[in-house]
Structure formats: C-alpha cells, structure tokens
A.B. asks: 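Structure provided below as structure tokens; questions to follow.
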Amino acid sequence: MARLFDLNPQQLEAVTTTQGPVLILAGAGTGKTRVITMRITYLLHEGISPDAILAVTFTNKAANEMRERVGTMVERPKAKRLTICTFHALCVRILRQDIERLGYKTNFAIYDEGDQLGLIRKIISRISAKNEKLDAQLARNLISRAKNQHWKLAESATNNSLLAAVFERYQEELKAANAVDFDDLLILTVRLLETNPAVTNKWQERFQYLMIDEFQDTNRLQLELVRYLGRQHRNVCVVGDDDQSIYGWRGAEIANILEFEAHFADPKIIKLEQNYRSSNAILGLANSIIRHNPRRRPKALWSEKGVGQNVKIVAVPNDREEANYVVSELQKQQLEVAGSWKRFAIIFRMNAQSRLFEEQLRRLQIPYRIIGGRSFFERREVKDLLAYLAGLANPNDDLNLLRIINTPARGIGATTIDLAVAESNQAKTSIFATLQSSGFQELLSAKTGTAVRAFIELIDRYETQIHQPLVELASIAAALLEEIRYPEELRRSCKTPEEALNREENVRELVRTLADYQRRSTEGLSGFLAEVALDQEREEETDTDKDGVTLITFHAAKGLEFPHVFLIGLEEGILPHDRSKLEGNLDEERRLFYVGITRAMQTLTITHCANRNKYGGSIPCHPSSFLKDLDPQYVEVINYHQLANQPASEGTARSHFAKIRELLG
DNA sequence: CGGTCTATAATTTTT
DNA sequence: TTATAGACCG
C-alpha cells in the first residue's frame with residue numbers, strides 16, 4: 001500500500017475506515033474515484049475476500065472506469081472476483097437466481113423505455129374510450145413515478161381512472177410477457193429480499209463490504225436495497241455530494257444522503273474538501289453560490305492552487321451575439337495557449353440552446369462534439385433486429401412480436417394484426433399462441449393464412465436453432481437477416497442509398513456485438529438482451545479521442561472537468577428554469593449552477609443575454625437571480641459593448657493568425 | 001400503407 | 001421557430 005501517503009488526511013481516513021457505516025462527503029474534484037478505488041485496494045490488502053466486496057455505481061461508464069482503475073492496483077485474479085456494477089445490473093444478478101419466487105421465469109426480458117412506451121401506447125389505444133385522452137409519454141412517467149414511490153394501484157386510481165387502468169394493465173402485460181422494466185428490477189429485488197429472508201441472508205453474507213457511489217442520486221428503492229444488503233454487517237460506505245444532487249426530478253432523494261444517520265446509525269462522516277481541479281477564484285465562486293441552499297451538509301472547497309483568473313460575467317445583447325462572443329473568445333483562448341479544442345466546454349441548461357453555438361463553430365470550422373444524442377440502440381434497424389432476437393428468445397413477448405410480425409412486409413396487415421390482438425385478449429393468451437391456433441387461422445383468407453403460417457414456421461425454426469447447444473448466435477442472426485431480406489427492406493425504406501448503407505452497417509455492428517458477447521459470456525441470448533437493455537452506450541462516447549469543443553448540458557457535465565468553461569444563458573427562466581421555479585425546485589437549480597461552475601479548472605466565463613429569440617419573437621431576458629449571490633471578489637464584469645467597439649477585427653485577425661499558424665504546420 | 005399536412009407545445013434523462 | 005405527433009388522403 002505504498003500509495004497511501006499520496007492521500008490527504010481526510011482521504012486517508014476515508015480509505016482506511018473499513019468497519020461500520022461511513023459517509024464520505026466528496027465535494028466536486030476532491031479525488032472521489034481515487035478514494036473509492038484505493039479503498040477497495042485497501043480492503044483486499046487487509047485480507048478481505050474480493051468476493052465479499054460490492055461497489056455500486058449509477059452508470060456503466062462509472063463501473064467500467066472503476067473496474068479499470070482497480071485493475072491497475074490489484075492482481076488480476078482478485079480483481080476479477082470483485083463485484084463492481086450498476087444498481088440495475090446488481091438487481092439482474094440477484095433476480096436471475098431467485099425471481100421464480102416472485103412468479104417470473106429466470107430468463108425474464110428487460111424492457112427499455114422505448115419498449116415501455118410501445119406497450120403503454122398499445123394499452124391506451126385498446127382500453128381508452130373515445131372521449132378519453134392520455135399521452136403515452138406522460139403515462140409512462142407517472143407510472144414510473146408511482147412505481148418508485150411504492151404507490152399502490154388504488155391510490156393512483158383516485159386521481160385518474162384511465163391512468164390507473166393503464167397502469168394495472170401494463171403490469172399484467174409485462175408479467176404475461178415475462179418482462180420487467182427498469183423500475184421493476186429494483187422493485188422486484190427489494191420485494192424478493194423483503195419476503196425471502198433466506199435470499200436476503202444469502203446476499204448479506206456474500207457482500208460484507210458495500211460501497212455506493214453518487215449516493216445523492218439514489219432513489220427510495222435503491223436506498224432500501226442498500227439497507228437490506230447492509231443490515232447484517234453494516235459495513236456500508238456511501239460516497240456522494242449533496243450539493244451535486246441534480247436528479248431530484250427523476251426520483252433521486254437528496255434526503256438519503258442528508259439523513260444517512262437515520263438508516264445506518266453512528267456513521268463515520270468524512271468530508272473531502274480539498275479540491276484538485278480548480279483555481280481558488282472558481283472555488284470561491286462555487287462556495288458563495290451553494291451557501292445559499294438551506295438544506296445541506298455545510299462544506300467549503302479549497303485548493304492549494306492560486307487564486308487564478310477571476311470569473312468573467314458577460315452581458316450580451318442577444319443569443320446570436322452570445323454564440324458569437326463565446327466562440328470567438330474561445331478561439332482567442334485556444335490560440336493563446338495553442339492547446340487542443342478538447343480543453344473547452346460550453347455548458348447550457350437546455351439542449352435547444354446549443355444550436356446557435358453549433359452553427360457558429362461550424363462557420364469558423366472549429367471541431368466540436370455534442371454529448372447526449374440519440375442512442376445507437378434507439379435506431380430503427382437496431383431495434384428491429386433486437387425485436388427479432390427478443391421474439392425468438394420468447395415468442396410470447398407480444399410487444400416484440402408485433403414489431404417484427406410484418407417487418408419486412410410479409411402480407412400480415414393491420415386488419416389481421418388487429419384481429420389477432422383482439423382474439424388474444426379474449427383468449428388471454430399471447431399473440432403468437434393466437435396465431436398458431438387453428439381457430440384463428442380459420443378466420444383468415446387463404447392468402448393471409450399462408451402468410452401467417454409462414455411467419456410461425458420462420459419463428460419456430462429459428463427459435464429451435466437458438467436453443468441448440470453451442471450455437472453461434474451471431475451467425476444465426478445473420479442467416480435470419482438474410483432470409484427475411486432485411487437489407488433489401490432497408491434499401492426500399494430509405495431515401496438515399498447512403499442512409500441504407502449506414503443502417504446496414506449498424507445492423508452488422510449489432511451482429512458483431514452479439515458475437516463479442518458470446519465470446520465472453522455463457523449467458524446466451526437473454527443475457528445478451530439484458531446487457532443491451534442495461535448498457536445503451538451512446539454513440540458519441542465511443543469516439544472520445546476525437547478532438548473538439550464539448551457542447552453539453554449542465555446535467556450531463558456532472559463528473560467531467562475542462563480547463564476552460566463557458567456557462568451560457570444564465571438568465572432568469574433558463575437557469576433557474578421557469579418550470580423548476582413553478583415546481584419549487586429552486587435549490588436544485590442552484591446546485592445545477594454549482595455543478596457547472598465546478599467543472600472549470602482554469603477559466604470560467606458566464607454569459608447572459610438582454611434579449612433572446614424564443615418561439616419566433618425576440619423577448620427580453622433578465623440576468624439569473626443566482627448571479628447576484630456570487631462573491632464579487634472573484635468576479636470580473638465585462639462590458640460587451642466596449643468589446644464590440646474595439647476594432648471589430650480582433651476576432652477576425654485572430655482567425656487569420658490561426659490560418660497562418662496552420663499553414664506553418 | 002406511406003407520405004404530406006396541420007395542430008401543438010416548448011427542461012434536465014445515469015438504467 | 002422548430003420538432004413532433006396525429007390526421008388525412010392518395
């Protein structure tokens with residue numbers, strides 16, 4: 001453990017306090033990840049078995065990172081036996097063993113948001129009367145919230161009977177399809193532990209040392225899960241920062257970290273306040289803003305670095321000028337330090353704000369990357385193939401069956417499908433079972449009947465194949481795609497040949513992913529589908545080595561750092577957002593601002609507009625009320641008009657320099 | 001079924 | 001302004 005003396009006293013205490021509950025309040029940039037990984041290493045060094053250690057994160061990215069970093073400090077065989085995963089992956093593991101006690105089969109499918117939405121849409125269209133309307137998206141959100149808060153069906157029924165009916169039906173259909181959604185993973189795991197002491201005991205004995213990252217983001221169920229797992233040994237170490245709790249709207253309970261003592265009595269509380277990221281001007285500013293939140297665990301970040309440059313606050317006339325100013329300022333700074341574009345980030349409250357900045361960056365030919373685009377797995381072609389695979393894994397999964405039944409078109413039209421759905425509802429069987437029944441087939445025309453039988457034969461044949469021992473799933477998938485002439489379908493349905501080619505490549509990519517999966521796992525198709533559902537890697541994150549200015553929301557920026565940061569649109573109504581003010585979440589908005597500020601290492605620039613184009617017209621804007629809370633000692637207010645009146649050519653001249661520089665190599 | 005038109009709404013999005 | 005969802009028609 002040679003590296004222990006690299007740690008500051010608080011970090012050291014956090015690493016070496018292994019027994020009993022521990023709450024590590026890790027401020028932004030205080031070396032949190034390092035502490036967690038060192039702590040795991042230290043536990044192993046103390047002779048704790050790696051099998052007994054569980055580290056839980058929120059994202060797969062965080063889990064992978066942690067695994068990697070521990071891997072550099074611990075011998076491989078030991079490292080491999082550690083459990084480092086997300087809450088949801090942990091739940092899958094627990095449920096795969098014992099979910100039968102709750103009446104599900106162990107090969108349950110996991111529905112992602114798209115699947116949920118599809119199912120809910122289907123249910124709404126089926127059971128709502130003509131005069132009733134219910135937005136599927138809204139229904140999904142309400143159902144999810146209800147599930148997370150342990151609401152009983154009856155309670156939600158008091159408000160909206162259609163919603164309650166949809167909710168009830170939704171749960172029934174999930175169960176019938178042997179499927180669970182993300183919320184169910186947690187709910188069912190907690191229920192399993194609640195009702196089966198033997199199971200609880202098994203896992204309590206297995207994981208004697210728990211570590212939970214980003215504890216401020218845990219919801220009610222996640223806390224309950226931790227309580228069950230940690231009850232026996234009480235070696236529960238949670239790490240987080242209440243000041244960075246920005247997911248309350250999504251069910252995160254900041255109370256979990258604020259009232260940790262209520263769940264695990266007499267914890268050791270350790271505050272990490274020494275920051276290794278930012279200048280003291282930036283930290284001073286951050287401290288001055290977050291101080292205004294009433295409910296928090298008091299702490300103040302400090303650094304051994306110097307004060308650094310003051311933070312610039314710039315008022316600009318309108319949003320176009322804002323983009324103009326920020327991008328030319330950014331270009332200027334880049335030129336001065338001759339660093340890479342990666343060092344810069346533009347952070348905004350709403351994705352819509354990024355557009356003008358994109359345009360401006362493109363105009364000046366500055367590379368950029370936007371974080372938070374569409375997931376690879378949300379693409380139509382990828383969903384199609386996944387639906388086929390899920391349909392083969394379980395033909396009784398109606399949702400996936402409906403997706404593939406006439407894709408590509410094979411003569412089973414809407415009328416036939418409606419009939420099958422109606423029949424299956426009556427007979428209370430799956431759609432696939434309905435299709436197979438001779439009673440149903442008799443209702444069809446000769447032509448349709450043939451099409452239906454061909455479809456059944458196709459599914460049956462491939463279903464048999466994937467269940468053979470030692471099969472190569474990827475080659476079966478490839479054969480299936482070939483047989484249904486999927487590439488032709490893509491070419492037919494795409495506007496341009498390039499698009500078709502691109503989509504085809506996506507499909508191939510998925511097949512390769514499947515092959516990779518089978519090379520490293522024995523879990524088979526349902527394991528693959530679960531992994532895909534739980535790890536919907538966003539595409540832009542795969543090419544991280546590409547240079548470019550980062551355009552990112554305040555939310556997505558949490559956990560990241562950049563030498564030079566621009567926080568844009570700091571206006572009343574944007575940050576804090578009007579909707580949040582309406583809902584009384586001002587504190588969370590302030591934390592969001594705090595998160596943004598603490599991303600910056602060296603320089604920070606904050607802008608706000610006097611006018612902004614919104615919904616067509618130009619409307620006046622006021623500076624965010626947060627700005628007046630900033631400690632003026634660290635602030636430099638820039639007069640934009642003075643800047644603008646300076647030889648307007650400065651920016652232009654700089655870019656000419658840039659060109660010349662480029663020419664010189 | 002698929003393309004075009006029109007009405008409507010307008011945060012944030014780890015799994 | 002703009003994106004998107006549902007309606008509507010060929």
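So you know, we letter chains A, B, ... as the sequences are listed, proteins then strands, and number each from 1.
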A.B. asks: Quick check, does A/Trp249 stack with B/dT12? I mean ring centres under 5.5 Å and planes off by under 30°.
C.D. replies: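 Yes, A/Trp249 stacks on the base of B/dT12, since the ring centres sit under 5.5 Å apart and the planes are within 30°.
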
A.B. asks: In whole Å, measure the gap between the C1' atoms of C/dA5 and B/dT12 for me.
C.D. replies: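 Straight-line distance between the two C1' atoms is 22 Å.
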
A.B. asks: Take the protein atom CD of A/Gln116 and the nucleotide atom P of B/dT13, then report the distance between them rounded to whole Å.
C.D. replies: 18 Å

A.B. asks: Do the side chains of A/Asp217 and A/Lys558 get close enough for a salt bridge, i.e. N-O under 4.0 angstrom?
C.D. replies: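 Here A/Asp217 pairs with A/Lys558 in a salt bridge, since their nearest N and O are under 4.0 Å apart.
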
A.B. asks: Report the distance from atom CD of A/Glu359 to atom P of C/dT1, rounded to the nearest whole Å.
C.D. replies: 14 Å

A.B. asks: Can a side chain N or O of A/Arg355 be found less than 4.0 Å away from OP1 or OP2 on C/dT2?
C.D. replies: yes

A.B. asks: Give the nucleotide from the list B/dA10, B/dT13, B/dC1 with an atom nearest to the side chain of A/Arg579.
C.D. replies: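 Of the options given, the side chain of A/Arg579 lies nearest B/dA10.
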
A.B. asks: Do the rings of A/His555 and A/Tyr247 sit parallel, tilted or perpendicular, given the 30° and 60° boundaries?
C.D. replies: tilted

A.B. asks: Give me the ring orientation class for A/Trp203 and A/Phe207: parallel if the planes are under 30° apart, tilted from 30 to 60°, perpendicular past 60°.
C.D. replies: parallel

A.B. asks: Using atom P of each nucleotide, how far apart are B/dT13 and C/dT4 to the nearest Å?
C.D. replies: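 Roughly 15 Å separates the two P atoms.
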
A.B. asks: Check whether any side-chain N or O of A/Asn406 sits under 4.0 Å from OP1 or OP2 of B/dC1, and answer yes or no.
C.D. replies: yes

A.B. asks: Compare side-chain N and O positions of A/Ser580 against OP1 and OP2 of B/dT12 and report whether any pair is under 4.0 Å apart.
C.D. replies: no

A.B. asks: Can you tell me which nucleotide in B/dT14, B/dT12, B/dA10 comes closest to the side chain of A/Asn351?
C.D. replies: B/dT12

A.B. asks: Report yes if the side chains of A/Arg220 and A/Gln222 come closer than 4.5 Å at any heavy-atom pair, otherwise no.
C.D. replies: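 Sidechains of A/Gln222 and A/Arg220: no contact.
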
A.B. asks: By nearest atom, which of the nucleotides B/dT14, B/dA10, B/dT13 is closest to the A/Thr59 side chain?
C.D. replies: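 Shortest atom-to-atom distance from the side chain points to B/dT14.
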
A.B. asks: Verify the stacking flag for A/His577 against B/dT11: centroid separation must be under 5.5 angstrom and the ring planes must differ by under 30 degrees.
C.D. replies: yes

A.B. asks: Quick one: is the NZ or CZ of A/Arg277 closer than 6.0 Å to the six-membered ring centre of A/Phe562, and within 45° of its axis?
C.D. replies: no

A.B. asks: Which of the following nucleotides, B/dT15, B/dT14, B/dA10, is nearest to the side chain of A/Asp217?
C.D. replies: B/dT14

A.B. asks: Does B/dT14 have OP1 or OP2 sitting under 4.0 Å from an N or O in the side chain of A/Asn60?
C.D. replies: no

A.B. asks: Reckon A/Phe87 touches a base, only the sugar-phosphate, or nothing at all at heavy-atom distances under 4.0 Å?
C.D. replies: nothing

A.B. asks: For A/Glu583 and A/Leu185, take the nucleotide of DNA chain B holding the closest heavy atom to each; which residue's nucleotide lies nearer the 5' end?
C.D. replies: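 First, find each residue's nearest nucleotide; the 5'-ward one identifies A/Glu583.
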
